[in-house]
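Below: one structure, written as structure tokens.
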Protein chains: 2
Amino acid sequence: MLSLHQLRCFLATLEHGSFTAAAGALGYAQPSISEQVRLLEQQLDTTLFRRVGRGLVPTEAARALQPHASAALAAVAEAGRAVASVRELLTGTVRFGVFRTARFYLAADLVADVLQRHPGVRVELVGQNSAEVLEHLRKGRLEAAVIALPVEDENMVVTPVLRDELVYVSADPARLHARITPADLAAAQLVLPDASWRETDTTRRQLAQAVQRTGHPLRPRIEVEDTETALEIAARGLADTVTWRGVLHGLADRLPAGLGWAPLRPAMYETFAVVHREGELSPASRVVVDLVTARMRGLDRAMRARTG
Amino acid sequence: MLSLHQLRCFLATLEHGSFTAAAGALGYAQPSISEQVRLLEQQLDTTLFRRVGRGLVPTEAARALQPHASAALAAVAEAGRAVASVRELLTGTVRFGVFRTARFYLAADLVADVLQRHPGVRVELVGQNSAEVLEHLRKGRLEAAVIALPVEDENMVVTPVLRDELVYVSADPARLHARITPADLAAAQLVLPDASWRETDTTRRQLAQAVQRTGHPLRPRIEVEDTETALEIAARGLADTVTWRGVLHGLADRLPAGLGWAPLRPAMYETFAVVHREGELSPASRVVVDLVTARMRGLDRAMRARTG
DNA sequence: GCTGTCCACAGGAATCTCCTATAGATCGGT
DNA sequence: ACCGATCTATAGGAGATTCCTGTGGACAGC
């Protein structure tokens with residue numbers, strides 16, 4: 001089968017006009033080039049050079065071959081550059097899995113960080129839900145992610161980065177007494193997010209378990225998809241809701257006006273962790289993993305400081 | 001160094017989603033494909049597939065590589081086709097050497113023959129003079145040619161195809177007596193062609209030798225470059241000239257009106273031969289050589305018939 | 001004619017390629 | 001929770017291929 005090496009030898013011969021000169025240019029011995037060209041001629045079933053006297057004269061076939069040989073070599077060189085540029089994070093796509101509400105913790109800032117360091121890359125932050133993201137990790141469709149624990153998979157490297165606390169959110173200061181118990185939750189008019197994921201969502205399951213221990217089911221009055229809508233509804237006084245302190249912290253002044261919050265007792269925590277498969281991480285993922293770890297840990301410290 | 005084989009294996013793996021399937025498609029054993037891809041990854045210093053479970057997942061680098069790998073393989077395939085199309089005489093240039101006045105013997109008809117059989121090819125008929133063409137043959141710049149003998153080169157295959165006779169041409173019937181001798185030539189007002197090539201042209205040298213044996217030099221009154229101009233001048237009665245019967249035969253009704261001719265005594269002959277280097281002839285040259293040989297031999301027979 | 005240069009060829013060492021066989025890992029189904 | 005099917009990784013060895021050195025022959029220029 002035709003080989004690049006043969007084409008290289010051919011082009012060098014064509015350019016330098018002799019096997020000897022081509023060999024010199026390519027750093028081989030003359031018979032090696034001679035042999036490669038002979039092989040090429042054999043495989044193409046044609047004569048590329050007429051051997052006349054002590055010189056070579058390219059045939060019409062050689063002239064026909066030249067541009068295509070060059071094109072093939074150029075394509076291969078270009079291939080190398082393309083791969084290198086992905087490897088060096090100059091181009092390509094950086095894909096990273098996130099839990100659904102991650103946008104309140106880091107989204108825009110994280111993307112800004114990545115883009116600033118690697119202006120040519122595309123960034124994809126994918127994920128609707130921690131369980132779904134974990135499945136993507138297992139199947140290899142994602143290399144790394146930040147999701148809520150637990151992650152029961154011994155092949156995954158799990159690095160906890162932030163512990164967050166669930167809080168009760170209401171527009172009515174009267175309902176924000178010091179300690180909200182599961183019984184209070186069972187009695188409250190609640191709006192909860194993650195309508196589609198309520199079966200697998202870890203927060204929802206924690207909440208349901210705690211309430212069920214009081215003998216009542218967790219039956220939210222309203223269910224919506226996203227956290228911001230739930231908060232909006234709570235702000236209008238239509239229902240109360242629960243959310244993570246980190247979300248409130250992240251929203252800060254974008255939080256709908258009039259909302260207050262109170263801790264749950266017993267407290268309910270969720271731990272977020274950076275997760276990836278064992279083994280080498282690609283440089284792209286490494287970058288994002290490090291950035292996310294740093295940001296989330298910073299957030300963790302900031303939030304603990306406000307508590308303590 | 002990156003090889004086409006590696007790229008082939010890579011693309012097959014990408015397309016079929018596994019080494020095993022790629023091996024099946026390419027007709028190799030699985031470890032062979034695996035090894036080639038591993039080598040490629042090593043040479044590109046990147047991971048092309050994440051080995052996850054019993055499957056493979058292409059990385060961003062793989063996606064970056066794919067189009068260039070395809071391009072390289074396409075270029076090589078195209079190279080093969082280009083060479084084949086030259087080999088099969090579908091495209092390319094057919095180059096053939098001719099003596100200067102060959103156009104009177106075959107030019108247009110020969111080109112028509114070649115183009116009819118091989119509509120895609122370009123045709124080049126090159127040559128100002130037999131000696132110059134022979135030099136091109138020696139240097140390998142031409143593969144084959146039809147030129148005037150003698151050819152003193154033992155490496156050339158010489159196939160005589162036509163013997164032509166020099167005749168005296170004049171517009172004055174009085175000067176066309178049966179036998180024109182060298183002495184007549186020495187005395188005549190002559191217009192001769194091949195001004196630039198008079199030193200090497202075989203016809204001119206033959207003529208010069210014959211005239212010199214009479215004790216006079218050959219001193220044409222007029223010298224021009226091409227035969228047609230010489231005949232034109234002769235037709236106007238400004239001078240007489242000599243030319244080959246084949247030229248008159250070839251010009252036929254395009255011969256300037258009023259010209260007649262007479263044989264020389266002793267007769268002077270020129271033999272034209274198809275000449276090429278020893279060894280394989282390219283298919284393109286083979287075709288032209290055969291066509292020229294057939295046409296010239298046919299012409300030879302026709303002219304001998306008119307004499308006899 | 002002599003010398004330097006270039007191609008072709010031969011023989012052998014090193015490398016590469018590709019195979020078979022097998023081990024290890026995983027997934028799906030029972 | 002186990003089993004069989006499936007896929008990758010690895011080892012080892014046979015066979016090609018590559019590339020070298022050395023040499024012979026042909027040609028060009030002095």
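Computation of the quantities below employed the complete heavy-atom set of this structure, encompassing side-chain atoms and omitting hydrogens, waters and symmetry-equivalent molecules.
- Annotation for A:Arg95 and B:Arg63: closest pair NH1-NH2, 3.6 Å, computed over non-hydrogen atoms.
- Side-chain nitrogen and oxygen atoms of A:His5 include at least one within less than 4.0 Å of the OP1 or OP2 phosphate oxygen of D:dC19.
- The shortest distance between the side-chain N/O atoms of A:Ser18 and the OP1/OP2 oxygens of C:dC6 is not below 4.0 Å.
- Judged by distance alone, the side chains of A:Thr59 and A:Thr47 never bring a donor and an acceptor atom under 3.5 Å apart.
- An OP1 or OP2 oxygen of C:dT17 is reached within less than 4.0 angstrom by no side-chain nitrogen or oxygen of B:Ser32.
- The base of C:dA8 sits within donor-acceptor range of the side chain of A:Gln30, with an N or O pair under 3.5 Å.
- Comparing C:dT20, D:dT8, C:dA8 by their closest approach to the side chain of B:Pro31 singles out C:dT20.
- Of the residues near DNA chain C, A:Ser34 and A:Arg138, the one whose nearest nucleotide (by heavy atom distance) lies more toward the 5' end is A:Ser34.
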Derivation and outcome, ring pair (Phe, Tyr, Trp, His ring centres under 6.0 Å), residues A:His5 and A:Tyr28: CA-CA 12 Å; A:His5 185 48; A:Tyr28 290 105; 5.3 Å; yes
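- Dashed line: the shortest gap from a side-chain N or O of A:Thr20 to OP1 or OP2 of C:dC7 is under 4.0 Å.
- For B:Arg38, no side-chain nitrogen or oxygen approaches OP1 or OP2 of D:dA9 to under 4.0 Å.
- Atom OH of B:Tyr28 is separated from atom C1' of D:dA9 by 20 Å (rounded to the nearest Å).
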